[in-house]
There are 2 protein chains.
Amino acid sequence: MRASVSPDTFPPRGHEAKRLSIVDAAASVFCREGYSGANIDLIAAEAGVSRQTVYNHHGDKEKLFMAVVRDLTERCNIGIFATIATFPDQPGDLEADLIGFAVRLNQNCICNRDGKFLRKLIQTEGERYPELFAEWREQGPGRTWPAIAARFARLAYSGYLAIDDPDVAARQFLGLVNAELQTTFMLGGSPCEDEVVQSAKNGVRTFLRAFGRHPAPGGIKKHTALANA
Amino acid sequence: MRASVSPDTFPPRGHEAKRLSIVDAAASVFCREGYSGANIDLIAAEAGVSRQTVYNHHGDKEKLFMAVVRDLTERCNIGIFATIATFPDQPGDLEADLIGFAVRLNQNCICNRDGKFLRKLIQTEGERYPELFAEWREQGPGRTWPAIAARFARLAYSGYLAIDDPDVAARQFLGLVNAELQTTFMLGGSPCEDEVVQSAKNGVRTFLRAFGRHPAPGGIKKHTALANA
DNA sequence: GACGATTTGGACAAGGGTGTCTAAATTTGT
DNA sequence: ACAAATTTAGACACCCTTGTCCAAATCGTC
């Protein structure tokens, strides 16, 4: 009973499904083979469509590539913001909560299929499409970093952390919890869950050694920060 | 008076010079265009030789690529070990010395021409040549990380730092001092000196907040660590 | 200056990729 | 079931790239 047409697109359903499967296959092939090495026939085969259909939908190898990057950026942003929403603003166990946040960010945004592909595409073809990747920089890091920094600022304002500059702290947090995954990232691989958890644990411990408030053994005394608003 | 022949190579001099200029040009083109997009004619032109000379020296596009990666790995390793030798084992001002070390490592090894090229090649083609990049992993990170960790261990043993695991600390140190350069690295760019210095300063400050020994205002009391040996 | 080795530039075959076109088959909405 | 739109498979022209071959020019050494 899903017969109702979508709001503004004439070709209703199977059309969009094919478009998606083409973009997915293209992402995979562009990452594996590089832009020049990617072969439209192979993309079509991997998407389960004919070559002509690829051209019907995207017109051009370059336009297809653009569509891939835009799709991946958008999908990754959605995942990142969903994960940022789980940031521990009123933590029970700050250390455990920060570790959980770091692990979720890695597993759901950085190491998943979309994140891996987007990262590789940026590394590989970033220099060849300055405008496209300037757009990515604005839409991606330009929006997500401040959002994460704002959460750390709130945590500091509530008395859980001693932070000078929330932007610096946010970048250092990510640098720390990913410190042990760099080599794997370099080679385009995905670290296993154990590695992600271990790196997050070590990173958060160091982060809290630097910025933690060392509460009294009994527990953290809540500040009355919201009384000002 | 440099007329004496080299020990075991028959073609004496101009030969090797051409070999080098080919590898250099190839590194540049492979990075800019990717393996598939790299064009032997372009490499030859950029190296100032004819295409046939490229084939005479390296036989094959793939062999040429291998030679490029091996050359870059070797050159980068030399630079990294030279820089590790400047690690502050008996620091005067620990913070300033660590900042200087981080800046040197970035400027001379990671952000210079060879480092940038090697990084990009690994990111771009790492998955396609598993054995070659396994070799890189052993010869590169496999040798340099322990060397850096050993220096931190020594610093800890001498009482300058409070470190649990030197390997973790070494990775976190690099993660911290590069925390603000990640986006630039992603896009294959080289950060300017100011950015490198700023990131190093912020990173080292956090590192010392986590691991520093907070010496008395007058100065650090030296341990008698060597008496045990 | 002469000799051998290297380099050069140009031509060449073989292969592969992009993008277009067409007519037939299939899917979709009514 | 019908009509319109979409998809398909195949053929095609065009261009680019790799790697080889060869004769002429150049280089380095004696």
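In what follows, every chain begins at residue 1, and chains take the letters A, B, ... in the order their sequences are listed. On a predicted model such as this, the values are computed, not experimentally measured, just so you know. We use all heavy atoms of the structure for the numbers below, so side chains are in, but hydrogens, waters and symmetry mates are not.
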Q. When you measure from every atom of DNA chain D, which of residues 21-40 of chain A have a heavy atom less than 4.0 Å away?
A. none
Q | Protein-nucleotide distance (B:I43, atom CD1; D:dG19, atom P), rounded to Å | A | 11 Å
Q: With the side chain of A:N56 defined as its heavy atoms from C-beta on, choose the nearest nucleotide among D:dG19, C:dG19, D:dT7.
A: D:dT7
(Q) To the closest 0.5 Å, what do you measure between NZ (B:K201) and CD1 (B:I99)? (A) 6.5 Å
Q) Starting at NZ of A:K61 and ending at C1' of C:dG16, how long is that distance when rounded to a whole Å? A) 12 Å
**Q.** A:F30 and A:Y35 aromatic ring geometry - parallel, tilted or perpendicular at 30°/60° bounds
**A.** parallel
Q: Please work out whether the ring planes of A:F133 and A:W136 are parallel, tilted or perpendicular, with thresholds of 30° and 60°.
A: perpendicular
Q. Reckon A:H57 touches a base, only the sugar-phosphate, or nothing at all at heavy-atom distances under 4.0 Å?
A. sugar-phosphate
Q) Roughly how many Å is it from CD in B:E16 to P in D:dG28, rounded to a whole number? A) 15 Å
Q | Lys/Arg N to Asp/Glu carboxylate O, A:R75 vs A:D24, below 4.0 Å | A | yes
(Q) Which nucleotide wins on minimum distance to the side chain of B:D41, given the candidates D:dT8, D:dT18, C:dT8? (A) D:dT18
**Q.** Heavy atoms from other residues, nucleotides or ligands near CD of A:E74 exceed 12 (cutoff 6.0 Å)
**A.** no
Q.
Output the rounded distance in Å from CD (B:E62) to C1' (D:dT17).
A. 16 Å
Donor-acceptor pairs are to be reported for all side-chain atoms of residues 173-187 of chain B against protein atoms at under 3.5 Å, with residues two or more places apart or in another chain.
residue : atom : partner : partner atom : Å
B:N178  : OD1  : B:N106  : ND2          : 2.8
B:N178  : ND2  : B:L174  : O            : 3.4
B:E180  : OE2  : B:N202  : ND2          : 2.8
B:Q182  : NE2  : B:N178  : O            : 3.3

Q: Kindly check if the number of other-residue, nucleotide or ligand heavy atoms within 6.0 Å of CD (B:E193) is above 12?
A: no
Q. Which nucleotides of nucleotides 20-26 of chain D have their base under 4.0 Å from a protein heavy atom (B), which only their sugar-phosphate (S), and which neither (-), written as one string 5' to 3'?
A. BB-----
**Q.** CA sep, side-chain torsions, deciding dist, call: A:E46, A:S28, side chain to side chain donor-acceptor pair (under 3.5 Å)
**A.** CA-CA 9 Å; A:E46 206 150 307; A:S28 170; 3.2 Å; yes
Q: Write down the distance between NE2 (A:H58) and P (D:dT7), rounded to a whole number of angstrom.
A: 11 Å
(Q) Set out, in order, the CA-CA distance, both residues' side-chain angles and the distance that settles side chain to side chain contact (heavy atoms under 4.5 Å, CB included) for A:R32 and B:R128, then state yes or no. (A) CA-CA 8 Å; A:R32 214 170 48 238; B:R128 197 196 308 281; over 6 Å; no
Q.
Looking at C:dT7, I'd like to know if its phosphate oxygens (OP1 or OP2) sit under 4.0 Å from a side-chain N or O belonging to B:T53.
A. no
